[in-house]
Every structure is written in structure tokens, then in C-alpha cells.
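For reference, the structure is listed below as C-alpha cells.
Residue numbering restarts at 1 for every chain, and letters A, B, ... go by the order of the sequence lines. All values reported here derive from a predicted model rather than from experimental measurement.
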Number of protein chains: 2
Amino acid sequence: MKKIKVPNAPSIRRMPSYLHKLYHMRLEGKSFVSTTELAEHMNTELIVVRKDIALVGLAGQRRIGYHINELISAINEYLGWQDTLTATLIGAGSLGTAILGFDEFSRYGLRIESVFDCDTNKIGRALRGHEIFDVATIRTRLKTAPPDIAILCVSAVTAQLVADQVIAVGIKYIWNFTNVSLTVPDYVIVQKEVLAGGFAMLAVKIKNDRSGDCLPIKE
Amino acid sequence: MKKIKVPNAPSIRRMPSYLHKLYHMRLEGKSFVSTTELAEHMNTELIVVRKDIALVGLAGQRRIGYHINELISAINEYLGWQDTLTATLIGAGSLGTAILGFDEFSRYGLRIESVFDCDTNKIGRALRGHEIFDVATIRTRLKTAPPDIAILCVSAVTAQLVADQVIAVGIKYIWNFTNVSLTVPDYVIVQKEVLAGGFAMLAVKIKNDRSGDCLPIKE
DNA sequence: TAGATTGTTAATCGATTAACAATC
DNA sequence: TAGATTGTTAATCGATTAACAATC
């Protein structure tokens, strides 16, 4: 599998939180933020925010801070979120439904264009305004204009099979919500680990907290 | 907010993937793994796996590898997954339903004991074997035996309110699936960022891939 | 023995943190 | 001017990677 080394991953993971706060501040009618404000809200150190903003390459105004609109644009550009990415959602179970209903994605430039499932009870029905298509029709339906991303919310047993199909259709990016390690060609990029990794972190935090192994530093 | 500095976070995030593979191999009747095998499956470098295993403190057998059962135990112990953590799920929407249906959690030692929602259409109905209780009854229902964790899958507008209630009940750990930055007392630990952070990473990978900014190294 | 593996120590790299300069 | 802020450079820390020793 192709490996893409993405620099500044920790900063990238923090970006959506900044955006969330910035949009909120804009709604309140504010037009400038200081790193102090952002840091307080994010519960992190000032210098972390500073470095992150330096990364997106925006100049602020000393003693005043950063223009909120400019900062929003700069972060979105840094994340590539000003260009819309299209996706197909495969698997209309509860997780798929949740993802489809995650409104923020449209703001992040992700547009889910089609939904597939293999359950005959679901096929043909509508889910949040999308008709659910038969998984068996992936090839015929997506061949002419394949979306950028396939979002996989299928069962573990069908994950590889579905991955093969979306790859055959020309999709290069897979966001894999199953916990199966997919075997894919070199040019396909798979984004993995959503739930389990998060719980692992939480469990270890709890464990350390209880045993007093960790200083009560921030997070 | 209290900050817990958890060392080896990247390793911890990889652990569930090792476990997944190990359980699979055990089902196949195997009793030993080498780091080579694990690395191949995880699509990572051998030395990464080696270091991670060293972290959980298990000795292997040269030329043979690690005993699968021992390695499973060691990882589970490292993650604190051999002790069951109890949780209450607040918000029985599609995301909450998906989490409730994530079978792996029981294997990871997370037991969701109760489910709450504020929707009168849902209250009193059953969801995957759990009766949905009225959010308004959180205090009375959980006061006597509060679970360890509150899993928040509520709307952004009610997130803080619900957080206050679960804290009042004595819950110390919150797994926050909303994208709201909660204000909580110092002794409460919040685990945040699930979806948006993941998409930020994927978007940047795609952006870098398209612009050719990154060498095609692995991931 | 040779080779595959674990085990260990050192080197590198990158992210975080600290310190301080610049400026409005 | 003083102080709050951005901007920049250096120091520290920790994770990854490399190199090699040990051993069955």
C-alpha cells in the first residue's frame, strides 16, 4: 500500500476545532481573534495555537490578533476544504446513517452523492434524501462519474469485496470505518481507525488517572 | 480542564489493530506471531511493531515470535481493557445507535448500561435491547450507581447541559462525540474529536497526493 | 551453520515548549 | 509608555528509524 507521509498531523487534527470556534465567533459578530482566546477555548497552550496558525501561513496584526474571516479561509485552504470532495456512502446501517447526517461535512467540503446497501429491505428506500441503491449496482452506477472517496460502513465480512468494487470503478480514496485492514493497490489511499483508536486512548487515560501514573497535566 | 499527558499515544492508537489481527489469527488456530507478520498486515515497518510490543512488556521467543494468547493479554492489560468500564449512552440518534451496535466494545471491556434521549418518540422504546430513558431522569437514575463514562451523542446545543448533568451525578469521564468544547471541572477527563479530525487527515492526504507534494511513502 | 527472529542501543527527525524580539 | 499581542529562533522532548548484537 502506498504510504503518504503527512507532516504536521497533530496540527491538522486540531484545525477543525479552531474552525468550529471561529465560525461560532463570526456568528457572534466578532471579526478578530487572538491566539490567547483560541488557546483558552481549545484548552491548550498559547504557543500551540500560534504555531498552528503560523503553519497555515496567515499574518496577524500585532496587539489585535487575526482577522476571523481570513483565518477561516487560511485554515480551509490548508486543509483543502475549499474544494469539494465527492463521496459515495456504502452501508446504510446506523453508522452510515450517522455519517450521512453529519451536517458539518458539507461545510468541510465533503458531498455524499450516493448511498449503497445490500439489504433488500433498504434498497429503494430513501435515507435523509438519498435513495439507497443496491450494492450490486456500484459498478454500473459509478463507472461514468466516480466520486473521489468511498466511505465504507459495511460489515467486516464484505469490506474487502466492496473495496475491490469501488477501486474497480476508479475510486482512489477510501475512508474505512470497518476495522478490517484492506488490501488495496498502491495508488489507493486508505484512511483508517475511527472508533477503536479513540476508545483505546480514553481507556488508557482512565487507567493512568486511576493509578495516579500521570501528573494531572492538561488534555 | 485537567490535562493528562499520555505517553506513547501513537503506539496506543495502533494497539487495537494488532488485537484485531491477533484475534483473527487465533481463530485460525495459530498460536504464534512474528513481528514480520504483524507489520505486513498493518502495512507498517517491522521496527514499529517491535517497539510497540516492547512497550507492552512481553518477551518473545527468538526465531519463533510471540505467543498469540500472551500478546493479546499483554496488549489488553496495557490498554486497561481487561477491566470492564461501564458507560451510559446519551443520545439515541443514528450515531448513538451505531456506537451501541459496535460489538467490539464488549471485547474491549466497555459495557453500555443505559441509554438516554430527550425525544418523546424514542423514550420508552427499546434500542438494541436497551430501554431508552428520558434525559430528564439522568440524575435520579444514575445517582446511586453512576457508570464510569458518559458517551455524549447529543446535539451541539444540549451538549454542555448534558455534560453538567452527568458530572453532577458523579461521572468523571466523558467521551464527547459532539464537536462542542465542553467546559468541565478539573477532575473530569474529556476525550474529543472523532469524525472531523479524521476527515481533516484524509482531506490533507488527498490534497498532498494530488499536488504531488508528498513522496508516495506508506500509510 | 545460516538465517530468521527477538532484543537493545544509538541516531535522526519532528513536534512541542521555552525564550525573547518586534510592534502597535 | 506599558502591555498585549504577533513573530522568530533556540532548546527540549519524544517518537521514529537505523544499526547491530544475541540466540535458537
- What is the distance from atom CG of Leu38(B) to atom CG of Asp52(B), rounded to the nearest 0.5 Å? 10.0 Å
- Below 4.0 angstrom from OP1 or OP2 of dA15(D), is there any side-chain N or O of Asn8(B)? yes
- When rounded to whole Å, the CZ to P distance for the pair Arg50(A) and dA21(C) reads 15 Å
- Rounded to the nearest angstrom, tell me the gap between atom CD1 in Ile53(B) and atom P in dT6(C). 7 Å
- Item | Within the 6.0 Å centroid threshold, strictly below: Phe177(A) and Trp175(A) | yes
- Query: For the residue pair Phe32(A) and His67(A), does the interplanar ring angle fall in the parallel (under 30°), tilted (30 to 60°) or perpendicular (over 60°) class?
  - Reply: perpendicular
- When you measure from the side chain of Lys51(B), which nucleotide among dA15(C), dT16(D), dT9(C) comes out closest? dT9(C)
- Task: For residues Ile112(A) and His130(A), report the shortest heavy-atom separation together with the two atoms involved.
- Result: O-CE1, 3.0 Å
- Task: Provide, to the nearest angstrom, the distance between the CG atom belonging to Leu55(B) and the C1' atom belonging to dG7(C).
- Result: 15 Å
- Figure out the CG/C1' separation between Leu38(B) and dA4(C), and round it to whole Å. 16 Å
- Query: Of all of residues 61-69 of chain A, which get a heavy atom below 4.0 angstrom from DNA chain C, listed by number?
  - Reply: Arg62(A), Arg63(A)
- Those stems involving DNA chain D that have three or more consecutive Watson-Crick or G-U pairs, both distances under 3.5 Å, are C:3-24 with D:3-24
- Message: Distance check, rounded to the nearest 0.5 Å: Leu46(A) atom CG versus Glu37(A) atom CD?
- Response: 11.0 Å
- Distance (rounded to the nearest 0.5 Å) between Glu104(A) CD and Leu19(A) CG: 10.0 Å
- Message: Can you see if the side chain of Thr36(A) gets near the phosphate of dA4(D) - specifically, an N or O under 4.0 Å from OP1 or OP2?
- Response: no
- For atom CD of Glu45(B) and atom C1' of dA19(D), their distance in whole Å: 15 Å
- Message: Is it true that Ser155(A) and Thr158(A) share a donor-acceptor pair across their side chains at a distance under 3.5 Å?
- Response: yes
- Task: Measure from CD1 on Ile47(A) to C1' on dC13(D) and round the result to the nearest Å.
- Result: 15 Å
- Starting at SG of Cys153(B), measure out to CG of Leu100(B) and round the result to the nearest 0.5 Å. 9.5 Å
- Query: What nucleotide among dT6(C), dT17(D), dA19(C) has an atom nearest to a side-chain atom of Val48(B)?
  - Reply: dT17(D)
- State plainly whether the residues Arg26(B) and Glu28(B) are in salt-bridge range, i.e. N to O under 4.0 Å. no
- Cation over ring face, Arg107(A) and Tyr23(A), 6.0 Å, 45°: yes
- Side-chain donor-acceptor pair under 3.5 Å between Thr35(B) and Arg50(B), yes or no? yes
- Message: For DNA chain C, which residues of residues 25-35 of chain A approach it to below 4.0 angstrom with any heavy atom?
- Response: none
- Query: Roughly how far, to the nearest 0.5 Å, is OG1 of Thr88(A) from CD1 of Ile138(A)?
  - Reply: 6.5 Å
- Using a cut-off of 4.0 Å on non-hydrogen atoms, how would the nucleic acid contact of Ala54(A) be classed: base, sugar-phosphate, or nothing? nothing
- Between C1' of dT5(C) and CG of Leu46(B), the distance in whole Å: 9 Å
- Rounded interatomic separation in angstrom, taking CG from Asp52(B) and P from dT8(C): 16 Å
